[in-house]
Student: 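Quick one: the structure is below, and I'll ask about it shortly.
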Amino acid sequence: MSDDASSTPAPRVRIAPSPTGFFHVGGARTALYNWAIAKQQGGRFVLRIEDTDLERNQDEATQGIIDALAWLGIHHEDPVFEGPYFQSQYAEAHVAAAQRLYEEGKAYYCDLTGEQIQERAKANGKPGYDGYSRDRGLEPGPGRVLRFRVPDGGPTVVRDVIRGDVTFEHDAIEDFVLLRGNGAPMFLLANVVDDVEMRISHVIRGDEHLTNAAKQQLLWDALGHTPPVWAHVPVLVNEQRKKLSKRRDKVALEQYRDEGYLADAMVNYLMTLGWAPRQAGHDGNDEHATEIVPWAEMQAAFRLEDVTHSPAFFDLKKLAAFNGDYIRMLSVDDFVAACEPWIPDSFDRERFVAMAPHIQTRVVTLAEAPGMVDFLMTDHVAYDEASWQKAMHQPWSRGVLAETAAAYSTAEWDADTLKGALEHVATAHELKLGKAQAPIRVAVTGRSVGPPLFESLEVLGRDETIRRLDLAIAHIVQQDH
RNA sequence: GCCCCCAUCGUCUAGUGGCCUAGGACACCACCCUUUCAAGGUGGCGGCACGGGUUCGAAUCCCGUUGGGGGUGCCA
């Protein structure tokens, strides 16, 4: 880690979430991009909580952010991790910077109210603030905001690693507010001052900040510092192609975690949403090469230059597919361990473990796992009406049930034998196993679909299996009257 | 309205002037396997928004159109 002159200095990146009480999946993706850069280049990843709104549950919200990051593999204890810092604690520095800009004539006070600004805008036929107080020489005072004096003429060019050079004419940038009427610093100012203070070298964030970048770069310049490397990643959108919103869309990372999505799957999905590892060959035969990729590989291969330019649809179906893949990649032991939080206390552990390999290939999220084998954990079978109708109203249903029950009363109790016995019964009725197993399955599990039947029976045991078979027969008899 | 960004199968993407008869993945469909459902295997459907250039040659470069998106706060 020698920083000789020839090597580029290690990057200092940051994420700056506000303590809203949940972690946005879009924020998770940019966090991951930032983390990959910091890790691969021996840099630092700074967490700064932008808490200027002074929420009350701040500690809780901060812990939530740290937990969410940890879930993604961005660990607080990692030496690359720095923080959390709290923006609110730097208010003095923000105000001091504003003061300096004011004294240097780079900012000025304005006493116009929102309504007045609107009126003037209407009269001008131009929306936005018109710079009315630029040369009025107003002193600071209650209700007066401090505005940044955008330099006259010329453009500001934001050099963005992902987008290229983006040019903003100064005429199109209004004199934005630095300090509110009550003296409190605004986001644009606080954000820049903190970045300067924390020696941030790369600002990697959502595309919705691209316009802010021009204003912020102006601020970096005015404050006498070299602007950071900018990288604006495209936003995540919903099926309507609108930016993912808290109101309409499922955006809370915690929610996915609680529903049983694997962190590895989520990380993989998020990373490759808008980015793909460079393709090695040209034949494209390397299936999965740009899809399911282990973190270590992504971390090493990630390059901001390769991030896509267009918004990406956050596709739950594809996330689910990734999750299924990752679940199947788990060892059975790991799968069981991962299911732990969703397994009710009432469950028989051994039975769950015995069924685990069968559950593993059938489940998309961990949360679904218990429901798959709940019929093994109770002595009450809840019949699904549609399943019952279909399976039990065949002319042969009752006979198959009765003969199977009879055979099972003496059979060797293992899946293979159980299967053989039912096959025997099926043959006698000129039925395929697929047909004949239906009434047995419904009698025992209550449903027409589920994990492999004979393996389930093996776990359930002879007595309970026969009891359920007899119970079903009794039901049929009852319905016939 | 103004400013800015973007544009390859339905979706996520590969592709950086000839390896493209445009590759993969998800989804969908079919078949195989099969004790249901999955998983797995095989195959199929399906795309360079449009119009002009540049070039011997454009998905790739340029311009325009159209269409999406983001931003336009004393929010962050």
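These figures come from a predicted structure and were not determined experimentally.
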Student: If you measure only the distance, is there a donor-acceptor pair under 3.5 Å linking the side chains of A:D194 and A:Y85?
Tutor: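 Side chains of A:D194 and A:Y85: no pair found under 3.5 Å.
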Student: What distance separates A:R14 CZ from A:R205 CZ, expressed to the nearest 0.5 Å?
Tutor: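 Interatomic distance, A:R14 CZ to A:R205 CZ, rounded to 0.5 Å: 5.5 Å.
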Student: Please work out if A:A312 contacts a base, only the sugar-phosphate, or nothing of the nucleic acid, heavy-atom cut-off 4.0 Å.
Tutor: sugar-phosphate
Student: Has A:N268 got a side-chain atom pairing as donor or acceptor with A:D264's backbone, closer than 3.5 angstrom?
Tutor: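 The answer is no, because no donor-acceptor pair under 3.5 Å joins these two groups.
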Student: According to the Watson-Crick and G-U wobble definitions, with both distances under 3.5 Å, which nucleotide is paired to B:C74?
Tutor: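 For B:C74, the partner nucleotide comes out as none, under the 3.5 Å rule.
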Student: Please classify the nucleic acid contact of A:L273 as base, sugar-phosphate, or nothing, using heavy-atom distances under 4.0 Å.
Tutor: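 Here A:L273 touches the backbone only, sparing every base.
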Student: Taking CG from A:D171 and C1' from B:U72, how many angstroms apart are they, rounded to a whole number?
Tutor: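 One finds 16 Å between C1' of B:U72 and CG of A:D171, rounded.
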Student: Taking only residues two or more places apart in sequence or in another chain, which ones pass side-chain contact (heavy atoms from CB on, under 4.5 Å) with A:L431?
Tutor: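 With neighbours one apart ignored, the set is A:W396, A:V400, A:A426, A:H429, A:K435, A:A436.
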Student: Give one of base, sugar-phosphate or nothing for A:F454, where a contact means two heavy atoms less than 4.0 Å apart.
Tutor: base
Student: Which ones in residues 158-170 of chain A lie close to RNA chain B, meaning a heavy atom under 4.0 Å from one of its atoms?
Tutor: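 Heavy-atom cutoff 4.0 Å gives A:R163, A:V166, A:T167, A:F168.
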Student: Would you say the side-chain atoms of A:S133 and A:R136 include a donor-acceptor pair closer than 3.5 Å?
Tutor: yes
Student: Identify whether any heavy atom of A:N212 sits under 4.0 Å from a base atom; if not, whether one sits that close to sugar-phosphate; answer base, sugar-phosphate or nothing.
Tutor: base
Student: Counting Watson-Crick and G-U wobble pairs only, both distances under 3.5 Å, name the nucleotide matched with B:C61, or none.
Tutor: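 Base-paired to B:G53.
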Student: For B:A25, does the base pair up with any side-chain atom of A:K318 as donor and acceptor (N or O, under 3.5 Å, distance only)?
Tutor: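 A donor-acceptor contact between them is present.
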Student: Classify the nucleic acid contact of A:R447 as base, sugar-phosphate or nothing, counting any heavy atom under 4.0 Å across all strands shown.
Tutor: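 Touches nothing.
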Student: Report, one pair per line, the protein and nucleotides 68-70 of chain B atoms (nitrogen or oxygen only) whose separation is under 3.5 Å.
Tutor:
unit_1 : atom_1 : unit_2 : atom_2 : d
B:G69  : OP1    : A:K242 : NZ     : 2.8
B:G70  : OP1    : A:K243 : N      : 3.1

Student: So what does A:L316 hit on the nucleic acid, given a heavy-atom distance under 4.0 Å: a base, only sugar-phosphate, or nothing?
Tutor: nothing
Student: Checking all strands, does A:G206 fall into the base, sugar-phosphate, or nothing category for heavy-atom contacts under 4.0 angstrom?
Tutor: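 No contact at all - A:G206 keeps every heavy atom at 4.0 Å or more from the nucleic acid.
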